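As the structure is a computational prediction, the values presented were derived from the model and not from experiment. Index from 1, following the sequence.
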Amino acid sequence: SNEIPVTTINLFPNPVVNQTNITFDLAKASDVTISVYSITGKMISNKTLSNRQPGEIKHAINASDLPKGVYFVNVQAEGMKFKAAKFIKQ
């Protein structure tokens, strides 16, 4: 079978005060959707970055308006699987 490897998402800084920066490697050119979810599974934000080229992708997530707590970030890109990343809002 042709298993798709799982790609790791990095978040820094974490814990977060105002903003965290997400970085990950994109295997091929694709639209990329970055979603933030609360610990209860409610979608907080959803941003699509159009036609990104392969290589390292960096994107800032504004967390200044988020209540304190635990959040998950998920990334979707064509032909790729990502391991959801967790951050703590202080």
Quick one: OG on Ser30 to CG on Asn51, what's the gap to the nearest 0.5 Å? 8.5 Å
Search all heavy atoms of Thr23 against all heavy atoms of Glu56 and return the closest pair with its distance. CB-OE2, 4.2 Å
Considering non-hydrogen atoms only, spot the tightest contact between Leu11 and Ala85 and give its length. CD1-CB, 3.6 Å
Rounded to the nearest 0.5 Å, what separation is found between the CG atom of Leu66 and the OG atom of Ser45? 7.5 Å
Heavy-atom closest contact (Pro54 atom, Ala27 atom, distance): CB-O, 3.8 Å
Considering all heavy atoms of both residues, which atom of Ala77 and which atom of Val32 are nearest to each other, and what is their separation? CB-CG2, 4.3 Å
Hey, which of Asn46, Asn74, Thr48 is the one that makes side chain to side chain donor-acceptor pair (under 3.5 Å) with Thr33? Thr48
State, with a plain yes or no, whether a side-chain heavy atom of Ile34 is found less than 4.5 Å away from one of Phe24. yes
Could you name each residue pair satisfying salt bridge (charged side-chain N to carboxylate O under 4.0 Å, His left out) that touches residues 19-38, not counting sequence neighbours? Lys28-Glu78
Smallest separation among heavy atoms of Thr7 and Met80, with atom names: OG1-CE, 3.3 Å
Say you draw a straight line from CD1 of Ile44 to CD1 of Ile61; how long is it, rounded to the nearest 0.5 Å? 11.5 Å
So CE of Met43 and OG of Ser38: to nearest 0.5 Å the spacing works out to 10.5 Å
Sub-4.5 Å side-chain heavy-atom contact between Ile22 and Val75: yes
Give me the ring orientation class for Tyr71 and Phe87: parallel if the planes are under 30° apart, tilted from 30 to 60°, perpendicular past 60°. parallel
Are Phe72 and Tyr37 an aromatic pair by the rule of ring centers under 6.0 Å? no
Which donor-acceptor pairs under 3.5 Å do the side chains of residues 12-19 make with protein atoms, sequence neighbours left out?
from: Asn14; atom 1: OD1; to: Ile88; atom 2: N; distance (Å): 3.1
from: Asn14; atom 1: ND2; to: Lys86; atom 2: O; distance (Å): 2.9
from: Gln19; atom 1: NE2; to: Asn21; atom 2: OD1; distance (Å): 3.4

